[in-house]
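Here the structure comes first, spelled out in structure tokens, and everything after it is commentary.
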Amino acid sequence: MAKEITSRNENYSQWYNDIVVKAGLADYSAVRGCMVIKPYGYAIWEKMRDQLDRMFKETGHQNAYFPLFIPKSFFSREADHVEGFAKECAVVTHYRLKNDPNGKGVVVDDDAKLEEELIVRPTSETIIWNTYKSWIQSYRDLPILINQWANVVRWEMRTRLFLRTAEFLWQEGHTAHETKKEAVEEAERMINVYANFAREWMAMPVIIGRKSEAERFAGAIDTYTIEAMMQDGKALQAGTSHFLGQNFAKAFDVKFLNKDSNLEYVWATSWGVSTRLMGALVMTHSDDNGLVLPPKLAPVQVVFVPIYKSKEELDKVSQVIAPLREQLHARGISTKYDDRDNYKPGFKFAEYEMKGVPVRVAVGPKDIEKGTVEVARRDTLQKQFVPQNQLAETVVTLLDEIQENLYNRALDYRKANTVKVDTYEELKKVLSEKGGFVLAHWDGTAETEALIKEETKATIRCIPLDGEVEEGKCIITGKPSKQRAIFALAY
RNA sequence: CGGGGUGUGGCGCAGUUGGUUAGCGCACCUGCUUUGGGAGCAGGGGGUCGUGCGUUCGAGUCGCACCACCCCGACCA
């Protein structure tokens, strides 16, 4: 294991890359823009996925699976949608290779050209709405509440591990409803599911809001978002939920017979979160010693490190540790016992800090004598001695405390880096000097938004749903505004 | 896609005006001693020097082309 990571102060981007690679979350791959998610990183993703999946099921959704490939013609149906994704689509043009007649290797067989090219899905609205058309005839067929776990491909120019890769894993929910009201409620319900997940499981504070027109999903009427603040003050969109209106129903001619025997277009939503959440997790909690994981998502919550000189001593320590682990397992806590003999305790301490294990328990000869163990918490790096017979209870409490502390710490950071401004000068000053979230009145026009983006690089992250209503004037045009928008540099 | 940078054992790097058998640290393997914050000693294994073409008696080193990756920008749910 590598010893050093770049400090956040020195180079934040490099720090992030170091953590991802050195904590064993992911690696660069032989394919441009694509990463390998390593077992430890995938284990965290699995925990996220499993919990989200439970939450989707609790809100009435079912999983299904749609094709990776989408006929090119489907994409031209919804104008905004095409424009949004056309520039980053991978296209399949042939279905066969052959041996290179001139030498080594294989070449594309020109005789095997597809009649219609296939797009590797960047998102699945089109193939799904094409399918829904055949599933929906009457209001009795509605609602359809489906989610799929899948990979998607967006040919990004510039990629970063987890935050933006050409291929990534995600879930996409696609629902069909009888009424506009029902669809809007669904979109709002799911953004709240995401917010709850982020707060309670990732210990990551998020702001729920509505996207401006410019930032909206291609093809949506309304896009809801959860926005989180990273430790460098930049915003990260962690999840989105879209009210699609009847756009896709019209594009794919999906109508149903309502209770009054009238034909109507179906109302739709879609919503998703991706492996980008892994990046958010890293940048919300981790420090210069490595990854910091919230207990609820840590693959290993407690690691036991034995301290010993001889084989006999190791045996004694192991005998103390075994029942302690059992007690923790009985309380639903995951543990690991690292009795590798080729590494010293100090090395192991550093390694588990790098990997973000929330709690470390060291047991040595002195502990056996005194009936104690040494308990160290990853979030604050504090250590304490605990009687062996109180370990289980202590750890249960400690894990909750760490989960809560991480959330509060992140929330404090966000509060400390969120400011209200009333003039454009102030906005520019804050963005260039301090960063973070800037709350300002905005007249609601795309022109004003574009101007600010042009001059400051900051975008409107969202208009908070629970933001206070107050009369104000747009910082650019002076036109009346009823609510402040959040401006920030973003990932 | 533009600017900058880097490609030499698994990782990080050195390698002089071209000159013999390409070095160093970490990691790895074996043995002994160690073990409460990244162990020590001894021995050992591992490299088509990113790829291709060229210059030369001779290329890790010089030239051209290509490729990959990183950083910054443009772009972007």
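A note on names: the letters A, B, ... follow the listed sequences, proteins ahead of strands, and every chain is numbered from 1. It should be emphasised that the depicted structure is a prediction, and the values quoted were computed from it without experimental measurement.
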Expressed in whole Å, how much space separates the P atoms belonging to B/C62 and B/C69?
25 Å

Expressed in angstrom and rounded to an integer, what is the separation of A/Tyr491 atom OH from B/C75 atom P?
18 Å

Kindly indicate whether the side chain of A/Arg164 and the base of B/C76 share any N or O donor-acceptor pair separated by less than 3.5 Å?
yes

Out of B/A77, B/G73, B/C71, whichever nucleotide has its closest atom nearest the side chain of A/Lys457:
B/G73

With A/Arg154 as the cation and A/Trp170 as the aromatic partner, state whether NZ or CZ is under 6.0 Å from the six-membered ring centre and within 45° of the axis.
yes

Mind telling me whether A/Phe243 and A/Trp267 have parallel, tilted or perpendicular rings, with 30° and 60° as the class edges?
parallel

Contact class for A/Pro365 (heavy atom, under 4.0 Å): base, sugar-phosphate, or nothing?
base

Say you pick atom C1' in B/G52 and the same atom in B/G25; how far apart are they, in whole Å?
33 Å

Aromatic rings A/Phe66 and A/Tyr132: how do their planes relate, parallel, tilted or perpendicular, breaks at 30° and 60°?
perpendicular

Strictly below 4.0 Å: does A/Lys344 bring a side-chain N or O up to OP1 or OP2 of B/G36?
yes

Please state whether the phosphate of B/C72, meaning OP1 or OP2, lies under 4.0 angstrom from any side-chain nitrogen or oxygen of A/Ser13.
yes

Using whole Å, what does the distance between atom P of nucleotide B/C71 and atom OH of A/Tyr28 come to?
5 Å

Donor-acceptor pair under 3.5 Å: do we get one between A/Glu353's side chain and the base of B/G37?
yes

On a whole-Å scale, what distance lies between the P atoms belonging to B/U20 and B/U16?
11 Å

Taking the P atom of each, how far is B/A39 from B/C1, in whole Å?
47 Å

Are A/Glu156 and A/Lys87 within salt-bridge range, i.e. N to O under 4.0 Å?
no

B/U8 versus B/G45 - spacing of their P atoms, nearest Å:
23 Å

B/U33 and B/C67, which share atom name C1', separated by this distance in whole Å:
49 Å

Give one of base, sugar-phosphate or nothing for A/Asn17, where a contact means two heavy atoms less than 4.0 Å apart.
sugar-phosphate

Atom pair distance, as rounded to whole Å: CD1 in A/Ile460 and C1' in B/A77
16 Å

For the residue pair A/Thr459 / A/Arg461, report whether a side-chain donor-acceptor contact shorter than 3.5 Å exists.
yes

Would you classify A/Arg360 as touching base, sugar-phosphate or nothing, given that sugar-phosphate means primed atoms plus P, OP1 and OP2, and contacts are heavy atoms under 4.0 Å?
base

Atom pair distance, as rounded to whole Å: OH in A/Tyr352 and C1' in B/G36:
17 Å

Is a donor from one side chain sitting under 3.5 angstrom from an acceptor on the other, for A/Asp338 and A/Tyr352?
yes

For the rings on A/Trp271 and A/Phe217, is their centre-to-centre separation under 6.0 Å?
no

What integer number of Å spans the C1' atoms of B/C13 and B/C72?
24 Å

Given the ring of A/Tyr308, does A/Lys316 sit roughly above its face, with NZ or CZ under 6.0 Å from the centre of the six-membered ring and within 45° of the axis?
no

When all nucleic acid strands are considered with a 4.0 Å heavy-atom cut-off, which category describes A/Trp170: base, sugar-phosphate, or nothing?
base

By nearest heavy atom, map A/Lys383 and A/Glu88 onto RNA chain B; which one lands nearer the 5' end?
A/Lys383

Can you measure A/Asp80 atom CG to B/C76 atom C1' for me and round it to whole angstrom units?
16 Å

Roughly, in whole Å, what's the span from CZ in A/Arg158 to C1' in B/A77?
18 Å

When rounded to whole Å, the CG to C1' distance for the pair A/Asp18 and B/C70 reads 12 Å

What nucleotide, of B/G37, B/C1, B/U35, holds the atom closest to the side chain of A/Met157?
B/C1

Nearest-nucleotide wise, let me know which of A/Pro122 and A/Lys348 is further upstream toward the 5' end of RNA chain B.
A/Lys348

Below 4.0 angstrom from OP1 or OP2 of B/G37, is there any side-chain N or O of A/Tyr343?
no

Under a 3.5 Å distance rule, please check whether A/Thr240 uses its side chain to pair with a backbone N or O of A/Thr225 as donor and acceptor.
no

Separation of the C1' atoms in B/G12 and B/C75, to the nearest angstrom
34 Å

Represent RNA chain B in dot-bracket notation, 5' to 3'. Only Watson-Crick or G-U wobble pairs with both distances under 3.5 Å count; pseudoknot-style crossings use [ ] and interstrand partners use |.
(((((((..((((.....[...)))).((((((.....)))))).....(((((..]....))))))))))))....

Whole angstroms only, please: what is the CD-C1' distance between A/Glu215 and B/C76?
10 Å

